[in-house]
Amino acid sequence: MTTAEERELYVELVLQCAELVPRGRVTTYGAIADVVGERLGRGGPRLVGTVMATHGAAVAWWRVVRADGSLPPSHDAEARQAYLEEGTPLRPGGSVDMARAFWQPRLGAQ
DNA sequence: GTTATGACTATGG
DNA sequence: GCCATAGCCATAA
């Protein structure tokens, strides 16, 4: 069941999570899916990815990475430069240091 | 209704 | 570290 309203709300909550990520920190698709899914009762990492691919341009998409810290595909170069500016902890391999940079998203607060 | 696809994740080799 | 596989859920054809 996915009404237009629910899709819109899902998108907005996902974007809100991405927007709430502090400077120099990152979160993951799975974490956002978990938070939003708990509130809306459904969802999944792939849905978050779809949302970011569709509406991610409006938010700090580079602060949303994969669970292992790998940079988002298709824009990894841009993201890495943003990390350098923000001081996001990186690992030698080029991916994000999740142990230090991971930020747990919350809705309605931070 | 069925298949393919995607800015995913966990697990195993 | 990398690659393959399976599970995942919504969208598009």
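Source: prediction; values computed, not measured. A note on names: the letters A, B, ... follow the listed sequences, proteins ahead of strands, and every chain is numbered from 1.
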Can you list the steps and then say if A:Y29 with A:R66 is a side chain to side chain contact (heavy atoms under 4.5 Å, CB included)?
-> CA-CA 6 Å; A:Y29 298 96; A:R66 294 173 61 151; 4.0 Å; yes
Rounded to whole angstrom units, what separation is found between the OH atom of A:Y10 and the P atom of C:dT11?
-> 10 Å
For atom CE of A:M98 and atom C1' of B:dC8, their distance in whole Å | 13 Å
Pairwise side-chain contact, A:D68 with A:S95, heavy-atom cut-off 4.5 Å (strictly under) | no
Looking only at non-hydrogen atoms, find the nearest pair between A:V14 and A:V51 and report the distance.
-> CG1-CG1, 3.8 Å
Using whole Å, report how far CD of A:E6 lies from P of C:dT11.
-> 10 Å
Please work out if A:A67 contacts a base, only the sugar-phosphate, or nothing of the nucleic acid, heavy-atom cut-off 4.0 Å.
-> sugar-phosphate
How many Å lie between CG on A:D34 and P on B:dC8, as a whole number?
-> 17 Å
Comparing A:L47 with A:A31, nearest DNA chain B nucleotide closer to 5' gives the residue A:L47
Check the distance between B:dC8's P and A:L71's CG and give it to me in whole angstrom.
-> 13 Å
Polar pairs (N or O, both sides) under 3.5 Å between protein and nucleotides 3-8 of chain C?
residue	atom	partner	partner atom	Å
C:dG7	O6	A:R46	NH1	3.3

Rounded distance (Å) that lies between atom P of C:dA10 and atom CE of A:M52 | 19 Å
Please state how far atom CZ in A:F102 lies from atom C1' in B:dT9, giving the value in whole angstrom units.
-> 13 Å
Considering all heavy atoms of both residues, which atom of A:T28 and which atom of A:V64 are nearest to each other, and what is their separation?
-> C-CG1, 4.3 Å
Nearest heavy-atom pair of A:L71 and A:G94: which atoms, and what distance?
-> CD1-O, 3.4 Å
Shortest non-hydrogen contact from A:T27 toward A:P105 = OG1-CD, 3.3 Å
Roughly how far apart, to the nearest Å, are C:dG7 and B:dA7 at atom P?
-> 22 Å
Assess the side chains of A:W62 and A:E86: does a donor N or O sit below 3.5 Å from an acceptor N or O?
-> yes
Write down the distance between CZ (A:R7) and P (C:dT11), rounded to a whole number of angstrom.
-> 5 Å
Stem list, DNA chain C (Watson-Crick or G-U pairing under 3.5 Å, at least 3 consecutive pairs) | B:2-6 with C:9-13, B:8-13 with C:2-7
Note: A:L9 and A:L40 closest approach over all heavy atoms is CD2-CD2, 3.6 Å
Among the nucleotides B:dA7, C:dA10, B:dT9, whichever has the atom closest to the side chain of A:T28 is B:dT9
Determine yes or no for a side-chain-to-main-chain donor-acceptor pair under 3.5 angstrom, with A:R25 supplying the side chain and A:A101 the backbone.
-> no
Looking only at B:dA7, B:dC8, C:dA10, the nucleotide nearest the A:R66 side chain is B:dC8
